[in-house]
Amino acid sequence: MKIKSVKLREAHEVSSNASFCSILWDLQAHHLVTASSSQPSISIHDPLLHSSPPRVLRHHRDGVTALAISPNSTCLASGSIDHSVKLYKFPGGEFETNITRFTLPIRALSFNKSGSMLAAAGDDEGIKLINTIDGSIARVLKGHRGPVTGLAFDPNGEYLASIDSIGTVIYWELQSGRTLYTLNGVAPDTGSDTSVLNVLSWSPDGETLAVPGMKNDIVMYDRDTAEKLFTLRGDHTQPICFMSWSPNGRYMATSSLDKQVLIWDVKRKQDIDRQKFDERICCMAWKPIGNALAVIDVMGKYGVWESVVPSSMKSPTEDIPNSQTRNSNGLLFFDEEDQDLSMSGSLSDLGEDSHGESEPPSRKRLRKQSVINDDQHEDVYDELNLVRKTEPQRKVPRVNKENSDKGKDALKAMTAFRPKMQEAFQPGSTPPQPGKRHFLCYNMLGSITTIKHDEYSHIEIDFHDTSTGPRVPPMTDHYGFTMASLNENGSVFANPCKGEKNMSTLMYRPFRSWANNSEWYMRFEGEEVKAVALGSTWVAAVTSLNFLRIFTNGGLQKHILSLNGPVVTAAGFSNELAIVTHVSDCLPSNEQMLEFTLFNISKGTQVFKGRLPLTPGSYLTWFGFSEEGQITSYDSKGILRVFTSQYGGTWLPLFSASKERKSGENYCVVGLNASKLFCVVCKNPDTFPQVLPKPVLTLLNLSFPLASSDLGEEALENEFMLNNLNLSQIQNRIEVTAVEGLDTSSLDDEAFDIEAAQDRCIFRLIASCCNSDKLVRAIELVKLLSIEKSVRGAIQLATALKLPILAERFNDILEERLRNKAEVSNTTALSSKHDPATKRSEISEPIVSLSSAKLSAPLFTKKVKSLDRVKFGKQKTDSDQTTNLEDSKEVKDAEKNGGSSHVCSVKEVKNLETRCPLNPFSKLPNIQEGKKVEEATRSQSEGPSNKSSNEEAKKVVGEVTGKQCQRPSNPFLKSTVK
C-alpha cells in the first residue's frame with residue numbers, strides 16, 4: 001500500500017503536554033476553523049492561501065475545548081475551560097453572545113440539522129439543549145455518571161446521542177427528553193486525560209451510530225433499536241480516539257492512540273489506506289465538497305490529506321444522502337412537532353396500531369429504558385414477500401411524501417419489527433467495565449471477580465464467610481473467561497469462541513483435592529459455551545449447538561444431551577440441574593417464550609419440564625435455587641417466582657419489586673430462603689452492583705401479591721400462604737428422604753414447627769373473622785387447624801365472643817375429627833390382628849411389632865408422643881389416675897344441666913379419647929378444655945356476664961397463642977404440666 005505524506009503546519013502553540021485540539025470545515029470548504037485546549041483563541045484559516053495569517057478570535061479567558069458550526073455555516077459556537085459557551089457570526093467572526101455558562105469546563109458541542117438547537121455538555125452534570133433563536137434552555141438531560149465528551153444529533157432530528165469518559169452511550173429522545181437506551185461500558189474509559197476524548201458520530205443518512213469499541217475498533221449501532229450491527233476492526237493497536245464519516249457515508253476515517261489514521265470502506269468493512277503521524281491525531285473533518293481530510297494533532301499542528309480515497313473508487317462526495325430533517329423550517333423541534341402532524345394528515349391516514357396507541361407509527365418501537373444487550377432488527381420492505389434486510393427499518397414518513405407512501409411506510413414500521421430472543425446470560429454476573437473489576441459470579445456462597453489487563457485478566461475468588469470457606473489463591477486468566485459458577489466444592493469458568501480456530505474453553509478448578517494438578521480444561525472448536533452450572537459431583541456446560549454437556553468433578557465426560565432450543569441460562573443445586581431454553585421466537589407483544597427443564601444428574605432422570613412464566617413485556621434477569629432447593633426466577637419487571645409441585649407443578653409469585661421498591665432503586669437478586677429475599681440495592685440508573693465498594697446484602701420479606709381483603713389482615717393471610725408453601729416443600733423432602741432410606745427426624749421437627757406456627761396464624765385469622773362477622777370463613781379456617789388443641793381454643797374463643805352457634809359448629813368439627821381418628825385406629829388394629837405375618841412377628845419378635853404400631857401413627861404426632869413419654873411421663877401417669885374421677889364428675893354435672901342426651905355425648909367423646917392413642921393431648925388437656933367450654937356454656941345460659949366478650953376473647957387468644965409460642969418444637973406440651 002502506498003504511504004502518503006501529509007505536511008502539517010502549526011496552528012496553535014502547545015506546551016510539552018498534549019492538548020485536545022479541534023478542527024472543522026465550513027459548508028463550502030472555504031474556511032478551516034481550529035482551536036486548542038491550551039490556548040483561549042480560535043483561528044479561522046483560508047485553506048487555499050497558506051501564507052496568509054488566520055483570523056483569530058480571542059474572547060475566551062481559557063483554553064477552547066469544543067467547536068461547532070451550524071449546518072448553513074452562519075454561526076460558530078465555542079466551549080471553553082472557562083465554563084462559557086459563546087456564539088459568533090461566521091465567517092466574519094463577530095462575537096454575538098455568551099449563550100450559556102456551566103460550573104465546570106465544557107467538552108462537547110453539537111448543532112442540530114436546522115441549527116435551531118445547540119447541545120452543550122462537559123464535566124458538569126447534565127446536557128443543556130439551548131434554543132439558538134432566543135438563547136433559552138429548552139431542556140437539561142441528566143443520566144451520565146462521568147464527564148460528557150461527545151454529542152451528536154440524529155440527522156433526522158429525532159434523537160441525540162451522547163457518550164462520556166467512562167464509555168457509556170445514551171440515546172435521548174428529543175421530543176420527550178427521556179432516555180431510550182443506555183449502553184454501559186461499550187467504549188473505552190479515558191480516565192482523567194483530557195487530551196483523549198470519547199466521541200461518537202451519526203452516519204450522514206442517520207441510520208447508524210459509530211462508537212469507539214473496546215477492541216481498538218469502531219462499533220456500529222442501529223438508529224432505532226441500538227443493536228450492534230457490525231464492527232470495523234483493522235490494524236489499530238490502541239483505542240480509537242476520533243472518527244469522521246465521509247459526506248456520502250461510504251467511507252470513514254479513524255485515528256488512534258497508536259498515531260495512525262486509517263481510511264475505511266464501510267460497506268466492505270475494510271481499510272483502504274492509512275497514514276502514520278509523528279503525534280496523535282485528535283480531531284479530523286472530511287472536506288464537504290472534495291476528496292480531502294483535514295487533521296490536527298495534540299501539539300496544535302494541522303494539515304489536509306488530499307486524495308484520501310483512491311481515484312479508482314467511488315468519490316466520497318458522490319450520492320450524498322438527502323436526509324430531510326423535520327426542522328427544515330428553522331423552528332425549534334418542540335414547536336414543530338404539532339405542525340408536522342397537521343401537515344401530515346390524521347393518524348388514520350398513516351395507519352393504526354393494533355394496540356390502539358395514539359403515537360405516530362414511527363415511534364411504535366420497542367424502547368427499553370434499562371441497560372440492553374445486543375439486539376437484532378428486521379425490516380419488511382416487500383408487502384408480498386417478507387424479505388429480511390440488513391438495514392434498519394424506514395423512519396417516519398416525511399411531510400413531502402404522498403399519503404399513499406405514508407401509509408405504506410407506516411405499515412412497514414408497525415409490522416417490520418420482530419423482538420429479538422433474549423441472549424444467554426450467567427446468573428450472578430455483571431457486564432464488564434473497562435479498567436474496573438466486575439463479577440463473573442455472585443451468589444449466597446461468595447463471588448468471583450475479574451479485571452482485564454493488556455494481555456491477561458486477574459481473577460479472585462472470595463467467600464462471604466471466610467471462617468468456613470477455603471482460601472483460594474488469585475488466578476491469572478489468559479483465556480479471557482466471561483462466565484463462572486461457584487459452589488462449596490469448586491469453580492467452573494468458560495469463555496466465548498476466540499482465536500484463529502474459534503475455540504471456546506471450559507475450566508474446572510476444585511478447592512480441595514488429594515491429588516496434584518486436579519483442575520482440568522475442555523476445549524470446543526466451533527462450539528461456544530453459553531452457560532455453566534455446578535452440582536455436588538458434576539459440572540455442566542450448555543453450548544451454542546444446544547448441547548448439554550455433563551462432566552464429573554474429575555473431568556470425565558459423562559453425558560451429552562440435545563436441548564430443544566437455544567439456552568438462556570442454567571443453575572445447579574446438589575444433584576439437580578435446571579436449564580432455561582427458548583421455545584420459539586418472541587410474540588408480537590414482545591413476550592419471551594421460555595421453558596425450563598429440571599434434571600436429576602445422579603439418577604439420570606428428567607424431573608420436570610414446563611413453560612417458564614414471565615411478566616408480559618419482560619425478560620429473565622436471574623435464575624437459580626433457593627437455600628431449600630426450590631427453582632426460582634426473577635424478571636425485569638421485578639416479579640420473583642418460585643416453582644412448587646402443587647397443582648402438578650406451578651410457579652408462585654412470591655415478591656413484587658414495585659411494592660417494595662423506593663424511588664430510584666433497582667434490586668439485583670442474589671438468592672433467597674424460605675422467608676427472605678437476598679438482594680443488592682442499586683441506585684438508578686445502575687441495575688447491577690460494583691465490586692468496590694463491597695456490595696451490601698439487603699433482606700426483603702417474601703410476600704404474595706394479595707388482593708385487598710375485606711378482612712383487613714393481609715399480613716396474616718400472607719403468612720398463612722407462605723406456611724402452606726413451606727409445609728408442602730418439607731413434606732416433599734420427607735417423602736424423598738424416606739424413599740432413600742435416610743433419617744427424617746430433623747425434617748419431622750421442622751415440619752411440626754411449621755404446623756404449630758400455621759395453627760397460631762390460623763387462630764388469629766379465626767379471631768379476626770369472628771370480630772368481623774365472617775363466620776363462614778371462620779368455619780373454613782377451623783377445618784384447616786392441624787392440632788386438636790387449636791380447635792379447642794377456637795371453641796373457647798367462639799364461646800367468649802358469645803357466638804354459641806359458631807361454638808357448636810366448631811365442636812361438631814372436633815367430634816368428627818375424633819371419630820375419624822378412632823375409626824382409623826380400629827381399622828389398623830383389626831388389620832394387624834388378621835395379618836398372619838403380624839401374628840408371627842408378635843410371637844417371635846414383639847419389639848418389631850411395637851415399632852410397626854408406632855410407624856402407623858401420623859408423621860408429626862409420633863414425635864410429640866415420644867417427647868411426652870420421655871419428659872412428662874410422671875405427670876401423665878398422675879393425670880391418668882384422675883381420669884375416671886373427672887369423667888364421673890362431668891357425667892353428674894351433665895345430668896343436672898342437660899339430661900341424658902348430654903351425658904351420652906360426653907361419654908362418647910371420653911370413650912373416643914381413651915381409645916385413640918394418636919393424639920398426644922387427648923388425656924388431660926382435652927378434659928380441661930371440655931370443662932372450660934361447659935363452664936362457659938353454663939355461664940352463658942345463666943345470664944349476661946359482667947365482663948366484656950371482647951376482653952374474654954382477647955384472653956382466650958392470648959392464652960392459646962401464648963402457650964404455643966412457649967416451646968417451638970411442641971407449643972402445647974407446657975399446658976399439660978400443672
Side-chain angles (χ1 to χ4, degrees), residues 11-12 20-37 39-48 54-60 64-80 84-100 106-122 128-133 135 150-155 157 160-161 197 199-202 204 242-247 253 282-290 292-296 302 304 317 320 323 325 327-328 330:
H12 302 274
F20 183 81
C21 300
S22 306
I23 191 169
L24 50 83
W25 293 93
D26 66 354
L27 182 61
Q28 299 298 325
H30 293 162
H31 302 89
L32 272 172
V33 185
T34 61
S36 171
S37 61
Q39 284 190 342
S41 61
I42 301 170
S43 299
I44 303 176
H45 308 266
D46 187 336
L48 300 178
R55 184 183 299 111
V56 179
L57 311 180
R58 294 184 176 89
H59 297 277
H60 284 288
V64 179
T65 53
L67 291 176
I69 193 167
S70 62
N72 60 3
S73 296
T74 60
C75 181
L76 175 68
S78 64
S80 170
S84 67
V85 177
K86 302 181 185 295
L87 293 184
Y88 313 85
K89 290 183 179 179
F90 194 83
E94 295 86 356
F95 175 74
E96 283 287 324
T97 182
N98 286 315
I99 195 165
T100 191
I106 287 87
R107 302 293 175 190
L109 297 172
S110 180
F111 279 100
N112 68 344
K113 187 71 173 180
S114 67
S116 61
M117 185 187 300
L118 175 68
K128 290 185 180 181
L129 301 183
I130 307 163
N131 189 334
T132 58
I133 299 175
L151 296 168
F153 277 100
D154 157 35
L160 173 71
L197 301 181
V199 296
L200 41 70
S201 181
W202 290 98
F242 202 86
M243 86 280 293
S244 179
W245 290 91
S246 66
C282 56
C283 189
M284 300 177 292
W286 282 87
K287 192 174 184 179
I289 55 174
L293 179 72
V295 299
I296 191 169
Y302 82 102
V304 177
T317 58
I320 296 177
S323 61
T325 176
N327 289 4
S328 57

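Keep in mind that what you see is a predicted model, and the values were worked out from it rather than measured.
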Please state whether the rings of His12 and His45 are parallel, tilted or perpendicular, taking 30° and 60° as the class boundaries.
-> perpendicular
Describe, in one word, how the ring planes of Tyr88 and His59 are oriented to each other, choosing from parallel (under 30°), tilted (30 to 60°) and perpendicular (over 60°).
-> tilted
Heavy-atom distance under 4.5 Å between the side chains of Ile23 and Leu32, does that happen here?
-> yes
What pairs of residues pass the side chain to side chain donor-acceptor pair (under 3.5 Å) test when at least one of them lies in residues 64-76, not counting sequence neighbours?
-> Ser70-Asn72, Asn72-Thr74
Side-chain donor/acceptor of Trp286 to backbone N/O of Ser244, under 3.5 Å = yes
Determine yes or no for a side-chain-to-main-chain donor-acceptor pair under 3.5 angstrom, with Ser41 supplying the side chain and Val56 the backbone.
-> no
Test side chain to side chain contact (heavy atoms under 4.5 Å, CB included), reference Val64, set Leu57, Ile42, Thr34, output is Ile42
Among all residues two or more places apart in sequence or in another chain, which pass the side-chain contact (heavy atoms from CB on, under 4.5 Å) test with [X]?
X	answer
Pro71	Phe111
Leu24	Val33, Leu67, Ile69
Ala108	Leu151

Please report the closest heavy-atom contact between [X] and [Y], naming both atoms and the distance.
X	Y	result
Ala253	Leu293	CB-CD2, 3.7 Å
Met284	Met243	CE-CA, 4.1 Å
Ala29	Pro47	O-CG, 3.9 Å

Between CD of Glu96 and OG1 of Thr132, what distance do you get to the nearest 0.5 Å?
-> 11.0 Å
Go through the structure and list residues passing ring pair (Phe, Tyr, Trp, His ring centres under 6.0 Å) with Trp202, not counting sequence neighbours.
-> Tyr171
Can you name the residues that form a side-chain hydrogen bond (donor to acceptor under 3.5 Å, both in side chains) with Ser246, not counting sequence neighbours?
-> Asn248
